[in-house]
Chemist: 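Got a structure for you, written out below as structure tokens; questions coming shortly.
Bear in mind that the values here come from a model prediction, so they are computed numbers and not experimental data. These numbers come from the heavy atoms of this one structure, side chains and all, not from hydrogens, waters or symmetry mates. Naming: A, B, ... by sequence-line order, numbering from 1 per chain.
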Amino acid sequence: SSFIALRKPNGKFFPWFGLDIGGTLVKLVYFEPKDITAEEEEEEVENLKSIRKYLTSNVAYGSTGIRDVHLELKDLTLCGRKGNLHFIRFPTHDMPAFIQMGSEKHFSSLHTTLCATGGGAYKFEQDFRTMGDLQLCKLDELDCLIKGVLYIDSVGFNGRSECYYFENPTDAERCQKLPFNLENPYPLLLVNIGSGVSILAVYSKENYKRVTGTSLGGGTFFGLCCLLTGCSTFEEALEMASHGDSTKVDKLVRDIYGGDYERFGLPGWAVASSFGNMMSKEKRESVSKEDLARATLVTITNNIGSIARMCALNENINRVVFVGNFLRINTISMRLLAYALDYWSKGQLKALFLEHEGYFGAVGALLELLGSA
Amino acid sequence: MPMRPSKEWVAIKMAERGGRGSGGHGSLDKSITLPPDEIFRNLENAKRFAIDIGGSLTKLAYYSTVQHKVARVRSFDHSGKDIEHEPLYEISVQEEITARLHFIKFENTYIETCLDFIKDHLVNTETKVIKATGGGAYKFKDLIEKKLGLKVDKEDVMTCLIKGCNFVLKNIPHEVFAYQKDSDTEFRFQTNHPNIFPYLLVNIGSGVSIVKVETEDKFEWIGGSSIGGGTFWGLGALLTKTKKFDELLQLASKGQHTNVDMLVKDVYGGAYQTLGLSGNLIASSFGKSTTADKEFSKEDMAKSLLHMISNDIGQLACLYAKLHNLDKIYFGGFFIRGHPVTMRTITYSINFFSKGEVQALFLRHEGYLGAIGAFLKGAEQDNPNQYSWGENYAGSSGLMSTSPDVFPMQRTRSGTFDMFEMDRLERPLVNLPLLKDPSTYIPDTVDLTDDAMARKYWLTCFEEALDGVAKRAAASQPDSIDASERAEKFRQKYWNKLQTLRQQPFAYGTLTVRSLLDTREHCLNEFNFPDPYSKVKQKENGIALKCFQSVIESLDSLGWEERQFALVKGLLAGNVFDWGAKAVSDVLESEPQFGFEEAKSKLQERPWLEDSYSQWLERLKEGPPHKCALIFADNSGIDIILGVFPFVRELLSRGTEVILACNSGPALNDVTYSESLIVTERIAAMDPVIQSALREEKLLLVQTGSSSPCLDLSRLDKGLAVLVRERETDLVIIEGMGRAIHTNYYAALKCESLKLAVIKNSWLADRLGGKIFSVIFKYEVPCK
């Protein structure tokens, strides 16, 4: 073809994308070079320029695409180039429109490889080829996830720490978010909470295994909330949850035993049966949608905490890193996880969180693109 | 056995004097479909009450003493009497008192009327407290105290549950089963393992409790989950507007979870091959309902919820099992309670998450564990744990499948009563020390739950024989005015049991010929026919004793090798005389002269169907005499006297000690221990070899602890086991169809064994590839 794309010493053409197509959300990271020379600017083909401008000058794309501006990593050096890393997401059901757009913008004329991970890399591979004339480079989601986590943690979050934890998680008054140094991360248990949950034990950069997974994840929270409250977005569901009271819905230990169940060392506040009060007709009629949303959130979160804790014990690992988009704008769940891990392990386990929550797979895919020269 | 003079006796007398009371049946709810005196049995002398009140069901437990008629044999004093024309011994029917545990399960709605009924019929005034457990114990405390005038003494739920669990695991054969999908027999029963500890108990009530049980008294709550039966019920009610738990399960059994759940293939388009995750695996439960615009069917949502909860529980249970290094998980609680749907999903989940390393197990009497435990807490004075107990098949309802789709007929049962009774066995039962591997020993040869053809045959066979058995039972008590009425009741009861078993072969554990025979014995006892064959046995023993000396003389005239063969033929011919087998009872009733010699001539010529006689002969010829032989005898009369005793005599002459084991209680025409004592005494009077062996304690008579025509080598009298060890027994001889073919045909022992029998059932003979009267002679030497 007639254009000359930007070329770097390692031979990677722009644009640099990393794509993670999950069950519910598509995560896209885009590296915007900021060190473009005048000569490069001149040589840059029109559609490449327009992609760059489109992505960097907007914070929303169509009705569903969103750029998480607050997560942008500035002045990053990647493969010898300086630039900013942008984090964009849109629902997986808009994948066909995305491919359509790529086709209209003649993405295939750019001499780049589109590295994609997540289940959708397989599911939509055919569509990319037929509709967009694009050959995807499919990457394993767990490989990408770990690469992404390690990389982002190493570069930090614009001078701040990427990793954090909650101090005094069991004390509502004194609980506070504090940075955590993940310099020597191994071994760690990585719990990725997307629509479903995958749990990995990571022993080194290369050595990890998937320990288990559960189908009770973010999709379950959102799916049940839609059915129970009629809400239609994750944000709406979380907003409702933040105003609800789960103890009206759940049966607590104290509801059964009048207080703590000392025989088993169970505190009265512990949930004995999630949704247990809903066995009663009167109580079903007296709860609000907010209460139901909160109970759903607490149920799913506690369960993930429980499974993660058991995996940590079985694998003999005491640091548990929670990632995934379920945790986005979801302080309730993060604090609950921190609390549950600390309380039930008697302080032996530590829950850690990362600022870029759900984007590590996409970052890993981008790194694969740049690494596989 | 001496009658125990006890307080219970006084209670019975009082009850008799006071009559049965005015009935009081009218006060009971009309919807109770069984006569209440058939539910709350033996209330007259009941004591030690315990109650477990759950969310919807109440379980009542009590201890009673049951007055039985038992046939006793007693030797006459023959001095100066005409022995020729007197019967050999005297048979008298006596009253005996045995202990029984009663457990009754009914819906909470009946609690008040049931308490009234109990109050009206309770005579024992010793009872001051009632042990109570379960979530509902609080709620009904005042009612119970008011109605019964007993003090309610609360016991911890989990402690009771585990006490009950240990008790059934130890005492009830085939208590435990695994669930298998897509199989003719959904339930696969497990052999009782000699050591039940340690195990994991996962109780799925409204929440989930995971308990590790290490010893009888030591258990630890190691974890739990709030996602349990209450979540299924509560969330299910919200999602489907269906209020009842059972209805939710029914909805779930009809739904398609793939309409609601996001599967791996929905994300990947196929399988996630790198990880080997199948495309049909659920990636996100309810992951497809993340929309406000779409309607989902109740069935699909219920199914998705069921999968979500079952998978989650299974996963956590596996994680706990792994952490504590356990491979057996027993599941209980109302979420499981006999529901095939939940057993199936839990089993699937355990298999999936443990990759087959952990087994999900269920209990037949799961619903009773709390009541059993609470009862045991209150009955510590009676030391129930020191005894062996046996399930009474006549008084127990058996396991009912609650699956409405599988057994629509059984649905009528809900709303009525379920019963479970256990009899205290007067002697503790243990494993035969010579079993090669007690943990894998299975007494029964054919599993009729598994083998539909065999099941059909045997159920029909027992049905066809039933009229004859009832007739014989009535005839055995000519002096009793109500004998025929009781015989009819027996017939009806056993007939109903057979019909239940046709529908639900797994009701009492693995269905076997043994369990069918035992159930019949239990039913006969229930209607006071303790020993219908007592007179027949008496007569046959008398006839056989008269022939004993001539049989010995003719054997002694033979050369060694011919004698060995004649002895074996004698044993086999004696075994033809068996009232238990229909073909033979026909012959015996029509041809009373059918004798020992004729029996021999009926035997199959060698080579026999199973024939290791040559190896046996070789062993006798070449090897040193056995140190001690344990013989399990079969029938009275010709079998024991002309078949077994000459054989015993030969062994004794070789220098082998003999332990002769006979049943403790009567079953068919099998020789009982007390009969064997008299018979032996008589033979000793005629035969110096037997006489000196008895005197020198080289011939020992023991009881098996059993009253079954079959033989379970894992439940034998402790005294027998002790003796077997003391005498260093190195040969076990098992004779008869019941003991050597229906059971123990494949039993592996640590020492040499002989299993011999004549097949007196043409169907069975056909199955084994032979004809009627085919001979089994199985001599086995354990491999080194």
Chemist: State which residues pass side chain to side chain contact (heavy atoms under 4.5 Å, CB included) with M279(A); sequence neighbours excluded, sorted by chain then number.
Modeler: K251(A), S206(B), W233(B)
Chemist: Check whether N314(A) reaches the backbone of L319(B) with its side chain - one donor and one acceptor, N or O, closer than 3.5 Å.
Modeler: yes
Chemist: So which of G217(A), G23(A), A295(A) has the biggest tally of heavy-atom pairs under 4.5 Å with chain B?
Modeler: G23(A)
Chemist: Do you know which of S285(B), G236(B), G287(B) has the most heavy-atom pairs with chain A at a distance under 4.5 angstrom?
Modeler: S285(B)
Chemist: Just so I understand: if I count every heavy-atom pair under 4.5 Å between each of Q126(A), R263(A), E125(A) and chain B, which residue has the most?
Modeler: R263(A)
Chemist: Mind listing the closest non-hydrogen atom pair of S284(B) and G196(A) along with its distance?
Modeler: CB-N, 4.0 Å
Chemist: Determine the minimum heavy-atom distance between L142(A) and Y272(B), stating which atoms define it.
Modeler: CG-OH, 3.8 Å
Chemist: Measuring heavy-atom distances to chain A, does M301(B) have an atom under 4.5 Å in its side chain, in its backbone, in both, or in neither?
Modeler: side chain
Chemist: Any side-chain heavy atom of E141(A) sitting closer than 4.5 Å to one from T274(B)?
Modeler: no
Chemist: Is chain A contacted by the side chain of L316(B), its backbone, both, or neither, given a heavy-atom distance below 4.5 Å?
Modeler: side chain
Chemist: When you measure from the side chain of K123(A) to the backbone N and O of D266(B), does any donor-acceptor pair fall under 3.5 Å?
Modeler: yes
Chemist: Using a 6.0 Å cut-off, check whether atom CD of E216(B) has over 12 heavy atoms from anything other than its own residue.
Modeler: yes
Chemist: Start with the C-alpha gap between K243(B) and K281(A), add the side-chain angles, then the distance that decides, and say whether side-chain contact (heavy atoms from CB on, under 4.5 Å) holds.
Modeler: CA-CA 8 Å; K243(B) 291 171 198 124; K281(A) 188 170 179 282; 3.9 Å; yes
Chemist: To the closest 0.5 Å, what do you measure between CZ (R309(A)) and CG (L323(B))?
Modeler: 9.0 Å
Chemist: Counting only heavy atoms not in K248(A), do more than 12 sit closer than 6.0 Å to its NZ atom?
Modeler: no
Chemist: Is there a side-chain contact between L239(B) and M278(A) (heavy atoms, below 4.5 Å)?
Modeler: no
Chemist: Donor-acceptor pairs under 3.5 angstrom involving side-chain atoms of residues 224-239 of chain A: please list them, not counting sequence neighbours.
Modeler:
| from | atom 1 | to | atom 2 | distance (Å) |
| --- | --- | --- | --- | --- |
| T229(A) | OG1 | C225(A) | O | 2.7 |
| T229(A) | OG1 | C231(A) | N | 3.2 |
| S232(A) | OG | E236(A) | OE1 | 3.3 |
| T233(A) | OG1 | E236(A) | N | 3.0 |
| E235(A) | OE2 | R328(A) | NH2 | 2.6 |
| E236(A) | OE1 | S232(A) | N | 3.1 |

Chemist: Can you check side-chain contact (heavy atoms from CB on, under 4.5 Å) on V267(B) and I21(A), steps first, answer last?
Modeler: CA-CA 9 Å; V267(B) 183; I21(A) 312 167; over 6 Å; no
Chemist: With chain B, which of L216(A), T212(A), I256(A), V271(A) has the greatest number of heavy-atom pairs at distances under 4.5 Å?
Modeler: L216(A)
Chemist: Output, in order, the C-alpha distance, side-chain angles, deciding distance and verdict of side-chain contact (heavy atoms from CB on, under 4.5 Å) for T296(A) and L235(B).
Modeler: CA-CA 10 Å; T296(A) 310; L235(B) 197 45; 5.7 Å; no
Chemist: Please evaluate residues F275(A) and I227(B) with respect to the criterion side-chain contact (heavy atoms from CB on, under 4.5 Å), reporting the C-alpha separation (whole Å), side-chain torsions for both, the decisive distance (0.1 Å), and the verdict.
Modeler: CA-CA 8 Å; F275(A) 286 84; I227(B) 300 185; over 6 Å; no
Chemist: Taking the side chain as everything from C-beta on, heavy atoms only, tell me whether D156(B) gets closer than 4.5 Å to Y261(A).
Modeler: yes
Chemist: Tell me, side chain or backbone of F353(B) under 4.5 Å from chain A's heavy atoms, or both, or neither?
Modeler: side chain
Chemist: Report the distance from atom CG of L281(B) to atom OG of S215(A), rounding to the nearest 0.5 Å.
Modeler: 8.5 Å
Chemist: Return the orientation label for the F219(B) and F264(A) ring planes: parallel under 30°, perpendicular over 60°, tilted otherwise.
Modeler: perpendicular
Chemist: Go through the atoms of M308(B) and report whether side chain, backbone, both or neither lie under 4.5 Å from a heavy atom of chain A.
Modeler: both
Chemist: Between atom CD1 of I282(B) and atom OG1 of T214(A), what is the distance when rounded to the nearest 0.5 Å?
Modeler: 9.5 Å
Chemist: So what's closer than 4.5 Å to chain B heavy atoms on L292(A): side chain, backbone, both or neither?
Modeler: side chain
Chemist: If I measure from the heavy atoms of chain B, does F221(A) come under 4.5 Å with its side chain, its backbone, both, or neither?
Modeler: neither
Chemist: Give a yes or no answer on whether the side chain of S226(B) reaches the backbone of S273(A) with a donor-acceptor pair at less than 3.5 Å.
Modeler: no
Chemist: Of the non-hydrogen atoms in G219(A) and T290(B), which two are nearest, and what is the gap between them?
Modeler: O-CG2, 3.7 Å
Chemist: Does any backbone or side-chain atom of L277(B) lie under 4.5 Å from a heavy atom of chain A? Answer side chain, backbone, both or neither.
Modeler: side chain
Chemist: Check this for me: Y138(B), atom OH, are more than 12 non-hydrogen atoms of other residues, nucleotides or ligands nearer than 6.0 Å?
Modeler: no
Chemist: Based on non-hydrogen pairs under 4.5 Å, which of G230(B), G270(B), G229(B), S304(B) is most in contact with chain A?
Modeler: G230(B)
Chemist: Any idea which of V197(A), L266(A), T299(A), D250(A) has the most non-hydrogen atom pairs under 4.5 angstrom with chain B?
Modeler: L266(A)
Chemist: Measure across G224(B) and S306(A) and return the closest heavy-atom pair with its distance rounded to 0.1 Å.
Modeler: O-OG, 4.4 Å
Chemist: Shorter than 4.5 Å, heavy atoms on both sides: which option in N277(A), V253(A), I307(A), V287(A) has the most such pairs with chain B?
Modeler: I307(A)
Chemist: Determine the option with the most heavy-atom pairs under 4.5 angstrom with chain A, choosing from Y320(B), F245(B), F296(B).
Modeler: Y320(B)
Chemist: Taking all atoms of both residues into account, what is the closest heavy-atom pair of N303(A) and S225(B), and its distance?
Modeler: OD1-OG, 4.3 Å
Chemist: Pick one of side chain, backbone, both or neither for F232(B), based on which atoms fall under 4.5 Å of a heavy atom in chain A.
Modeler: neither
